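Quick one: this structure, given as C-alpha cells, is what I'll be asking you about.
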Amino acid sequence: MTAASPAGVSTAGAEALAQRRNRALAKFMSNPTALFGAVLVLTFVVLAVFAHWVAPYDPNKTNFLMLRKAPSAMHWLGTDEIGRDILSRLIHGGIASLYAGVVSVFIALFVGMPIGLVAGWFGGWLDALISRATDALLAVPFLILAIAFAAALGPSLTNAMIAIGLSQVPIFVRLTRGQVLAVKTEDFVEGARAVGVPNRLILLRHITPNIFAPLVVQATLTVATAIIAEASLSFLGLGQQPPAPSWGSMLNTAKNYMDSAPWMSISPGIAIVLVVLGFNLLGDGLRDALDPREQ
Amino acid sequence: MSTPAGSDVILSAQALVKHFGGGRQLLSGRAPLIRAVDGVSFDVRRGETFAIVGESGCGKSTLARLILRLIEPTAGKVEFDGADITAIGEEDMRRLRREMQMIFQDPFSSLNPRMTVGALIAEPLAVHGLASGRERAERVADILRKVGLPPEHAERYPHEFSGGQRQRIGIARALATGPRLVIGDEPVSALDVSIRAQVINLLEDLKAELGLTLILVAHDLAVIRHTSDRIAVMYLGEIVELADRDALFEAPLHPYTHSLIAAIPVPVPGARGARQLLEGDPPSPAAPPPGCRFHTRCPHAEAICKNERPALRALAPGHTVACHLAERLPPAPPAVTTVSASTAKRRRLELFAGARPEPVSATS
C-alpha cells in the first residue's frame, strides 16, 4: 500500500472500499454469461416498470372481432380467447411475476435471516429446535408447501407472495445458520466478546456484514424459483386473479387451446424461461464475483 | 496454592479446570474428554508481567480464555481484584471487560474486515459508554498515536495494513477502555521476526506508561526472556514450574524447562551439538499419561514418575516445581557449547572481521 498524501488520507478508506467493490464489479463485468443474465433481468424489469407506456394495447381490453388470432403486424404475439393482445398481457403480467419474485424473497430473507442468526449464535436447544423444524419444512417439496400456504390464505397475488415467501424461509434459515456457525469461530468475534460488545451488537455489526454476500447470491437465485412458483400458483388459480394478467394464469387458459392457438401458451412460457434464466445467470455471476476466496 | 486476597494480587486463578467434550453423542457413545487445563493455580501481582509458556496444545490459550471468562471453566475460579468473576452474571461480566482486555495471536483474523480502524477502536469506547461524538474521535486519535500509528489511519480498513501494524491496531483496541489487566495470547508469534521486538517493546512501554498488568502467553522462552517478571511453564494442561524469570533461566528445576531453554536459538556462530531437544509430540490431552505427564519424554524418568503424579512444591521462595526428582537432577547443561573452529575457518573469520568497520567478536 503506497502512502497516501496528507490531503488524500481521509478518503483512503473510501477508496479501499471502492477498490474492493470495483474488484467484484470488474470480475462480474468480465463474465459474459453473468452480463447476459443481468441484461435479461434488466430488460424484464424495464418492461414491467414502463408497462403502461410500452404495451401497445390495454391488457384487459377485449375485442370480439379478434379472437385467438395468430401473431400479425397488428398483434405481434397474437390474441387470446377473448381477443386481448398477448404482448400487452405479457408485459403487464411481468409486473406480477417480478413483484412476486422479489417481494416473496424479501419476506423469506427478513423472516429467515433473524431466525438463522439466533439459531447459529445461541446454539443449544434453541438451535436444535429451529434446525429440526427447518429440516422438516425442507423435507416437503417447496411448491407443495407454497400451494398449501396459498390455499390456506386464500387466492390472491398478495397471499401467493406470502405463501411463496414463507415456503422459502427454511432455505434462508439454514443458509444463515451455517454462515453464522462459520463466522462465529473467527477471532474477531471472540475479540468483540473480549472487548465487551453485547450479543445484539456482535450479531448486528460483526456477524451480519460478514455473511451478507452468500445471502445476496441465494436471494437472487431464489427470485427465479419464486417466479416459477408464482406462475405455478397462478396457473392453479391461487395467485393473480383474472382478469389481471399473469404469466401463470395466461398459461392456464392457453392450455385449453394448445392445438388451435399454440401462440397463447408459447409466449408466456418463453417469458418465464427467459426471466428465470436471467436470474439464475445473474446469481451465478454474483456468486463468482463475491466469492471471498478470490479476494 | 492458596491465594491471599492481598491487595498486590490483581488476578488469581484457583484450581482452574477446563475439559472439552465428554458429552454423550447420539451415535458414537461418548466424545473423548479433552483435559485442556487440569487444575491450574497462580497469582498475578499488580504491575508485573506474568508469562505462561508451553508448546502447542498444552492448554495455554485455553487458560488465557478462562482467565477472561471467554469460556466457562469446568471447575475452579478466577478472582479479579479479589472478586470471583466466574460467579457473576453475563451482563456484569460484560461491564467488567473494560478492566481486562486481550490481544490476539493472529492480527489478520482478529480484526473485523468490514470495519474501519477508527470504528474498531471506537467500539469498546461506545459499548462501555466511555466517550461519544467528538470526544470519542479524539480518544481514538490519541490511542492510535500511542501505538505508533498516524491518526489519519482511522479511516482505513484492516486489510490495508501489514501484520505488525495490524497488531498495533489490536493493541489499540485492547487499550481503548483503559484496562488494568491485558492478556496477550501469543501477541507476536504470527509476526515477522523483525517486527516482534518492536511490538514487544511497544507493549512494555505502554505497560509502564499506563500502569498495566500484563499476562503474556508464549510458546517459547525466546520472546518473553527479556520482558517477563515471572514465568509459568505449562505442560499438558498443568503448570510444571513457576518462578521468577532470573531463577527460571539460571536454575531451571523441571526437565521440561531445561529443554525449553535449550530450544532458544543462540545467535553464536560455532554453537554446536549439546542441545538437548525433546523428541516427539506431547501426548494427547484426551489420554494424559499416568503419573508425571512429562515422563514419556523425560530423559531422567524413573519408576516413581510413571506411577505418582508429582505435586507442585516450593523448592525455593517463589520457585515451585512439579517434579519428583527436582533435587537430584543434574543442573541444566549450558545452553551453548561452542566447538573450536578450524584454522581455516578462523582465518576466514579474521579476514571478514578485518573487512568490517566494527570487529566481530570471534568465537572461542
Side-chain angles (χ1 to χ4, degrees), chain A residues 1-21 23-24 121-125 128 131-132 179 182-213 216 290 292-295, chain B residues 61 64-65 68-71 90-91 93-121 123-130 150-162 165 170 173-174 176-177 179 182-183 185 190:
Chain A
M1 189 64 39
T2 53
S5 65
V9 280
S10 61
T11 56
E15 275 166 21
L17 191 67
Q19 259 174 23
R20 201 166 57 210
R21 293 219 173 109
R23 207 156 43 222
W121 178 251
F122 291 102
W125 64 268
S131 295
R132 292 299 85 74
Q179 291 294 321
V183 171
K184 107 179 186 180
T185 60
E186 296 270 355
D187 279 352
F188 65 80
V189 174
E190 192 178 37
R193 282 190 59 218
V195 159
V197 183
N199 278 332
R200 179 174 46 85
L201 286 182
I202 293 180
L203 281 173
L204 205 67
R205 268 197 221 141
H206 295 270
I207 305 256
T208 307
N210 285 292
I211 64 170
F212 218 66
V216 167
L290 294 173
R293 279 169 304 182
E294 305 281 328
Q295 288 182 20
Chain B
S61 288
R65 281 160 178 75
L68 288 179
R69 209 180 148 194
L70 288 173
I71 50 180
E90 206 169 308
E91 182 58 23
M93 187 62 224
R94 192 184 73 72
R95 283 201 208 100
L96 190 63
R97 295 195 184 284
R98 188 185 151 184
E99 309 277 346
M100 41 203 309
Q101 288 284 338
M102 180 144 176
I103 299 164
F104 288 84
Q105 175 176 6
D106 183 352
F108 291 89
S109 64
S110 59
L111 301 172
N112 185 342
R114 300 195 186 259
M115 284 170 83
T116 62
V117 170
L120 281 166
I121 299 171
E123 186 175 42
L125 295 172
V127 299
H128 291 288
L130 294 178
E152 299 83 33
H153 283 180
E155 312 264 338
R156 301 198 184 178
Y157 283 83
H159 74 265
E160 298 173 62
F161 294 89
S162 67
Q165 286 174 314
R173 186 163 148 93
T177 56
V182 173
I183 299 186
D185 180 17

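This structure is a prediction, so every number in the text was calculated from the model and none was measured. Numbers restart at 1 for each chain; the letters A, B, ... are given by sequence-line order, proteins then strands.
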**Message:** Please classify the contact of L111(B) with chain A as side chain, backbone, both or neither, using a heavy-atom distance under 4.5 Å.
**Reply:** backbone

**Message:** Which atoms of R95(B) are under 4.5 Å from chain A, going by heavy atoms: the side chain, the backbone, both sets, or neither?
**Reply:**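 Looking at R95(B), nothing touches chain A.
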
**Item:** P198(A) to V127(B) - nearest heavy-atom pair and separation
**Value:**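 Distance-wise, the nearest heavy atoms are CD-CG1, 3.9 Å.
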
**Asked** If every non-hydrogen atom of D187(A) is compared with every non-hydrogen atom of S109(B), which pair is closest and at what distance?
**Response**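 For D187(A) versus S109(B), the nearest heavy atoms are OD2-OG, 2.9 Å.
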
**Request:** Identify the two heavy atoms, one from V197(A) and one from R94(B), that lie closest to each other, and give their separation to 0.1 Å.
**Result:** C-CD, 4.2 Å

**Message:** Is it the case that the side chain of H206(A) and the backbone of M115(B) share a donor-acceptor pair, with hydrogens and angles ignored and the cut-off at 3.5 Å?
**Reply:**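 Pair absent, no side-chain N/O of H206(A) close to backbone of M115(B).
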
**Message:** Counting C-beta onward and ignoring hydrogens, is there a side-chain heavy-atom pair between N199(A) and E90(B) closer than 4.5 Å?
**Reply:**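 Yes, at least one pair of side-chain atoms sits under 4.5 Å.
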
**Enclosure of F212(A) CZ (heavy-atom neighbours >12, cutoff 6.0 Å)** =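 Incorrect, the count does not exceed 12.
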
**Message:** Testing the basics here: between R193(A) and R97(B), what is the closest heavy-atom pair and its distance to 0.1 Å?
**Reply:** O-CD, 2.9 Å

**Asked** Can you check whether E190(A) reaches F104(B) side chain to side chain, under 4.5 Å on heavy atoms?
**Response** yes

**Closest contact, heavy atoms only, A194(A) versus M102(B)** =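 So the two residues come closest at CB-CB, 4.3 Å.
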
